[in-house]
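Values below: all heavy atoms of this structure, side chains included; hydrogens, waters and symmetry mates excluded.
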Amino acid sequence: KMSQQQQEITLKELKIHSTFLNESLTAVLHTILYVRAPNHIFNTIDHVCIKLFPFTFAKCEQMDQSILSSIETFRQSLFSDGENLRGEIILSFFDQKEHSQYFGLVVRHENIYFERWKIPIVVINQSLTDLLPDSDDSKIYYQSAYDQLHAAIVSIMDAVNSSSDHLPLANYDFEIYVVPPPTVGKKTGTNDVTRLIHSPPLFNSLG
């Protein structure tokens with residue numbers, strides 16, 4: 001269920017080579033989670049990218065496995081637009097409400113979503129193979145991915161700093177949803193991938 005004050009932020013579409021896909025998505029997802037609950041995240045380190053060196057972001061170690069799982073699911077969900085691969089991943093934050101029924105004998109839980117981040121991505125290179133290091137193409141696509149990732153992080157900070165009136169006072173959770181490909185698209189992975197990644201046990205209370 002959507003909150004009446006729900007905010008939806010759509011980041012500018014990232015168009016990056018598959019070589020830099022994992023690091024770019026990892027940086028974006030970790031950054032959103034970090035800035036949404038900076039006082040409730042532990043084991044945070046400054047992570048320096050390898051393929052996008054020296055790009056650095058705050059990595060929330062207790063959420064790393066959930067993010068890696070969502071990225072693997074995302075890669076399986078990519079579909080062809082004829083030239084490139086496309087996909088979208090959504091990071092949502094929600095508050096959980098309890099509703100008592102039958103004189104308190106039954107308690108029903110309802111998720112109230114108050115913020116949703118949409119991350120559309122175009123992946124260059126349908127074979128999903130990495131570029132050769134130090135090649136001319138590698139340098140061109142590296143710079144493009146680096147610049148787009150920097151712009152994405154800046155836009156995340158701008159969005160977070162613009163408004164916080166919609167945030168609940170109580171603790172809240174998150175989930176990562178990988179949008180399934182359209183039926184007309186050409187899917188690169190299997191049909192039975194799990195598309196919903198919930199917050200891990202160590203990170204089930206934000207706010």
Side-chain angles (χ1 to χ4, degrees), residues 7-38 40-41 43-78 84-94 113-125 128 130 141-164 167 172-181 193 195-200 203 206:
Q7 272 225 18
E8 187 170 283
I9 303 105
T10 301
L11 297 183
K12 183 178 179 180
E13 184 179 76
L14 294 173
K15 188 174 183 179
I16 53 180
H17 194 277
S18 58
T19 303
F20 310 107
L21 173 60
N22 282 28
E23 284 192 335
S24 297
L25 254 182
T26 299
V28 168
L29 292 171
H30 272 285
T31 298
I32 295 173
L33 289 171
Y34 175 75
V35 297
R36 261 295 157 246
H40 295 267
I41 294 176
N43 294 339
T44 300
I45 61 171
D46 289 335
H47 179 78
V48 181
C49 294
I50 297 175
K51 294 181 179 179
L52 286 172
F53 182 85
F55 197 94
T56 305
F57 63 92
K59 185 176 183 180
C60 318
E61 289 194 300
Q62 75 269 31
M63 292 177 291
D64 197 39
Q65 191 55 52
S66 291
I67 288 177
L68 290 175
S69 297
S70 68
I71 292 175
E72 179 57 32
T73 301
F74 175 78
R75 291 177 72 96
Q76 296 180 48
S77 75
L78 292 169
N84 300 303
L85 298 175
R86 289 183 175 271
E88 184 173 77
I89 194 165
I90 299 174
L91 172 55
S92 301
F93 294 95
F94 62 91
Y113 293 86
F114 61 86
E115 187 171 276
R116 184 162 286 169
W117 295 76
K118 293 186 175 183
I119 310 164
I121 295 183
V122 174
V123 181
I124 303 168
N125 180 30
L128 295 178
D130 282 358
Y141 287 123
Y142 161 86
Q143 194 60 55
S144 175
Y146 194 101
D147 292 344
Q148 289 182 76
L149 181 55
H150 179 267
I153 299 302
V154 170
S155 68
I156 290 169
M157 301 304 296
D158 288 343
V160 167
N161 292 328
S162 64
S163 175
S164 60
L167 299 179
Y172 51 88
D173 297 307
F174 78 90
E175 65 185 24
I176 302 173
Y177 176 73
V178 176
V179 178
V193 295
R195 297 192 175 90
L196 191 62
I197 311 295
H198 288 285
S199 48
F203 192 69
L206 298 178

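- Scanning for side chain to side chain contact (heavy atoms under 4.5 Å, CB included) contacts around Ser144 gives Gln148, with sequence neighbours left out.
- Considering CD1 of Ile156 and OG1 of Thr31, their distance stands at 5.5 Å, rounded to 0.5 Å.
- Once rounded to the nearest 0.5 Å, the distance linking CZ of Phe20 with CG of Asn125 reads 11.0 Å.
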Q: Might you work through the side chain to side chain donor-acceptor pair (under 3.5 Å) test for Asp46 and Thr56, ending with a clear yes or no?
A: CA-CA 6 Å; Asp46 289 335; Thr56 305; over 6 Å; no
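- The side chain to side chain donor-acceptor pair (under 3.5 Å) search around Thr26 returns none, not counting sequence neighbours.
- The CZ atom of Phe74 sits 14.0 Å away from atom CD1 of Ile67, with the distance rounded to the nearest 0.5 Å.
- With sequence neighbours left out, His47 forms a side chain to side chain donor-acceptor pair (under 3.5 Å) with no residue at all.
- Among residues two or more places apart in sequence or in another chain, the side chain to side chain contact (heavy atoms under 4.5 Å, CB included) test is passed with Lys12 by none.
- In this structure, CG in Asn84 is found 12.5 Å from CD1 in Ile121, a value given to the nearest 0.5 Å.
- Rounding to the nearest 0.5 Å places SG of Cys49 at 11.0 Å from CG of Asn22.
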Q: Apply side chain to side chain contact (heavy atoms under 4.5 Å, CB included) to the pair Ile176 and Thr73, showing each step before the final yes or no.
A: CA-CA 10 Å; Ile176 302 173; Thr73 301; over 6 Å; no
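- Of all the heavy atoms in Ile16 and Leu21, the pair that sits closest is CD1-CA, 3.8 Å.
- The side chain to side chain donor-acceptor pair (under 3.5 Å) search around Ser24 returns none, not counting sequence neighbours.
- Annotation: ring pair (Phe, Tyr, Trp, His ring centres under 6.0 Å) contacts of Tyr146 (sequence neighbours excluded): Phe55, Tyr142.
- Take Ala151 and apply the side chain to side chain contact (heavy atoms under 4.5 Å, CB included) test, not counting sequence neighbours, and it matches no residue.
- Considering only residues two or more places apart in sequence or on other chains, Ser92 meets the side chain to side chain contact (heavy atoms under 4.5 Å, CB included) condition with Ile90, Tyr113, Arg116, Glu175.
- To the nearest 0.5 Å, atom CG of residue Leu25 and atom CD1 of residue Ile71 are 5.0 Å apart.
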Q | Leu149 vs Glu23, side chain to side chain contact (heavy atoms under 4.5 Å, CB included): CA-CA, chis, key distance, verdict | A | CA-CA 10 Å; Leu149 181 55; Glu23 284 192 335; over 6 Å; no
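- For Asp147, the side chain to side chain donor-acceptor pair (under 3.5 Å) partners at least two apart in sequence or on another chain are Gln143.
- Not counting sequence neighbours, Glu72 has no partner by the salt bridge (Lys or Arg N to Asp or Glu O under 4.0 Å) test.
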